[in-house]
Amino acid sequence: MEARVQTNRLRIDGTISCSFFALAFSALLADDWPQYRGANHDGISTETIRTNWSQEAPREVWRVPLDPALSSFVVSGGRVFTLVRRPSNGQDREFCIALDADTGAELWASSALGIADYPNGGVGTDDGPRSTPSVDGDRVYVLTSYLRLYCLGATNGAVIWSKDIVAEYGSTVIAWQSAASPLLEGDLVLVIGNATGKSLLAFHKTDGREAWKGQNDVMTQASPVAATVAGVRQVIFFAQSGLVSVAPDNGAVLWRYAFPFSTSTAASPVVGDDTVYCSAAYGVGAGAVRITGSGSPLTAGELWRWPGAKMNHWATPVHYNGHLYGMYGQSLLTLKCLELASGTEKWSATGFGYGSVLMVSGKLLALSESGEVVLIEPTPAAFTEIARYRALDGSRSSIADLPVKCWNAPAISNGRLYVRSTTEGVCLDVADVAPAQPLKLNPQLAAGEGGFQVVIADGGGSPFDANRAAKIDIFAATNLSIGLNGWIQLTNPAVLTNGQLRLTDTQSAVIPQRFFRVQERP
């Protein structure tokens with residue numbers, strides 16, 4: 001998101017000093033990537049990107065070194081968020097950081113959120129936090145490796161509220177610690193803990209109050225997902241007992257699927273229509289169930305179950321047209337296509353390692369462990385590569401000569417692809433069309449009427465037509481600290497004149513301080 005900010009001080013009626021900020025938001029919030037694997041946790045983007053990379057390669061917008069982490073990027077409000085490991089007071093700690101989406105410059109780093117200690121090994125010297133933040137408006141939600149849940153301010157990283165799930169609920173931290181990301185669903189943030197009678201937890205996003213708790217399921221590194229299955233909205237956790245689906249508003253169990261294993265899987269459940277897929281490493285394999293019924297409880301009927309190499313260890317596959325595409329195996333991974341209804345393998349391709357996938361513009365986008373971005377035709381007929389681009393240095397990084405390890409899921413927002421490894425982050429422009437010019441907002445004294453006349457124009461000078469003008473909303477506030485949700489939308493009509501929108505705000509004549517914001521809807 002791009003924002004233009006103006007500040008002025010004017011005098012009204014010769015007596016009142018009135019200061020204001022004018023903010024024009026030109027990007028569309030619908031294109032944010034606010035949670036792990038996207039808004040729906042399914043790795044699918046609704047954006048249209050350019051795929052002719054062999055003729056026109058992705059344009060590098062920025063490249064920055066990053067402190068170690070397996071955390072992925074999320075993008076919202078013109079900021080890019082991720083977790084990193086940094087030294088603090090003689091000990092490594094986990095931090096949430098925010099980068100400028102246009103430049104990659106670090107805007108802020110939170111206070112230390114917890115220790116960064118990973119004693120089980122298996123990753124290397126570039127080990128770090130494994131969870132990915134979730135963003136909602138002016139707040140960022142983080143679950144640390146040692147089960148501390150934080151709500152931070154998106155503009156400055158300040159702690160708004162926090163919950164120590166170990167101290168407050170008696171949870172224990174599993175081996176290799178938590179890699180699960182917090183799930184935002186409605187007014188709640190949901191996480192999985194590890195305590196008798198209170199393993200599944202939901203908190204109110206605004207103040208951290210407990211909404212509900214329940215169940216005895218031991219956690220894994222897998223993140224929960226929210227989906228509508230068999231016509232019922234539900235949150236699906238992947239615990240060591242298997243899949244557990246609950247009603248998001250009260251935590252009531254809707255169905256279970258027994259899929260017992262020990263600890264190590266970070267692949268989330270995958271929903272395809274009314275079928276749910278899950279997978280675990282170390283020979284456990286994969287399975288799928290079809291959900292039927294109405295109301296509560298629902299019925300989970302197993303479709304298939306395969307042990308061995310047909311499994312995902314770290315990265316979650318995507319579902320597209322009845323097939324799963326993702327990284328399969330454990331030590332020697334291959335990109336595979338599996339039929340969801342039967343588990344039948346259609347094809348496999350080597351060379352991707354512990355990479356990740358997402359779906360955009362009807363194409364499979366695979367990010368390899370060494371940092372190559374590959375576009376692939378998502379068809380079960382055969383592996384068909386469209387183009388590839390080396391986004392990250394595949395040999396060594398500039399940070400302490402650490403090897404590049406890209407286990408981090410990619411993100412896409414407003415025509416830009418954001419990828420990171422354990423040591424660096426890159427933003428690539430893959431937009432299919434030229435980005436829209438930012439809006440310009442210019443409050444002026446309203447002659448003869450008192451208050452301000454708010455004038456909105458296209459930043460490139462193009463005149464608005466009636467269709468575009470109808471999608472522009474104007475908001476006002478008297479205090480910037482209330483957050484975006486506290487702004488009031490102005491309902492008095494704006495007039496389209498000479499390709500510009502003009503709205504007279506008479507309240508400015510009696511309110512000493514007035515702030516304006518405009519936003520363009522998709």
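This structure is a prediction, so every number in the text was calculated from the model and none was measured.
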message = Are the side chains of Y320 and L364 in contact, using a 4.5 Å heavy-atom criterion?
response = no

ask   = Between the side chains of Q35 and D136, does any donor sit under 3.5 Å from an acceptor?
value = no

ask   = Looking only at atom types and distance, does a side-chain atom of R256 sit under 3.5 Å from a main-chain N or O of A300, one as donor and one as acceptor?
value = no

query = Parallel, tilted or perpendicular: which describes the rings of Y418 and W62, with under 30° parallel and over 60° perpendicular?
reply = tilted

request  = Please tell me if the side chains of Y141 and V191 come closer than 4.5 Å, counting only heavy atoms from C-beta onward.
outcome  = no

inquiry  = Please determine whether the number of non-hydrogen atoms from other residues, nucleotides or ligands lying under 6.0 Å from atom CG of D187 exceeds 12.
reply    = no

N156, CG: over 12 other non-hydrogen atoms inside 6.0 angstrom = yes

ask   = Rounded to the nearest 0.5 Å, what separation is found between the OH atom of Y118 and the CG atom of L70?
value = 8.5 Å

inquiry  = Counting only heavy atoms not in R290 (residues, nucleotides, ligands), do more than 12 fall under 6.0 Å from its CZ?
reply    = no

Table please: side-chain donor-acceptor pairs of residues 142-154 below 3.5 Å, with sequence neighbours left out.
from	atom 1	to	atom 2	distance (Å)
T144	OG1	Y146	N	3.3
T144	OG1	L147	N	3.4
T144	OG1	R148	N	3.0
S145	OG	E94	OE2	2.6
Y146	OH	D117	O	2.5
Y150	OH	L113	O	3.0

request  = Go through the side-chain N and O atoms of D217 and S199 and say whether any donor and acceptor fall under 3.5 Å apart.
outcome  = no

message = Looking at A180, is its backbone amide N or carbonyl O close enough to the side chain of S131 to form a donor-acceptor pair, meaning the two atoms are under 3.5 Å apart?
response = yes

remark   = To the nearest 0.5 Å, atom OG1 of T48 lies from atom NZ of K363 at 11.5 Å

query = Roughly how far, to the nearest 0.5 Å, is the OG atom of S72 from the CH2 atom of W33?
reply = 10.0 Å

Residues S268 and R37: side-chain donor-acceptor under 3.5 angstrom = no

message = side chain to side chain contact (heavy atoms under 4.5 Å, CB included) for W407 and M327? Distances and angles first, verdict last.
response = CA-CA 11 Å; W407 294 6; M327 309 304 175; over 6 Å; no

inquiry  = Under the criterion side chain to side chain contact (heavy atoms under 4.5 Å, CB included), I'd like the reasoning laid out for Y389 against L428: C-alpha separation, chi angles, the key distance, then a yes or no.
reply    = CA-CA 10 Å; Y389 176 82; L428 302 172; 3.8 Å; yes

note = Which of D102, D429, D432, D31 passes salt bridge (Lys or Arg N to Asp or Glu O under 4.0 Å) with R416? Answer is D102

Got a list of side-chain donor-acceptor pairs under 3.5 Å for residues 223-238, not counting sequence neighbours?
from	atom 1	to	atom 2	distance (Å)
S223	OG	S181	N	2.8
T228	OG1	R233	NH1	3.4
R233	NE	E185	OE2	2.8
R233	NH2	E185	OE1	3.1
Q234	OE1	S245	OG	2.6
Q234	OE1	W255	NE1	2.6
Q234	NE2	V229	O	3.1
Q234	NE2	V232	O	3.0

query = Does a sphere of radius 6.0 Å around CH2 in W306 hold more than 12 heavy atoms from other residues, nucleotides or ligands, not counting ones at 6.0 Å or beyond?
reply = no

query = Which heavy atom of I44 sits nearest a heavy atom of D42, and at what distance?
reply = N-OD1, 3.0 Å

inquiry  = Donor-acceptor check, side chain of R85 to backbone of D127, threshold 3.5 angstrom: yes or no?
reply    = yes

ask   = Okay, side chain of S45, backbone of V360: is any donor-acceptor separation there less than 3.5 Å?
value = no

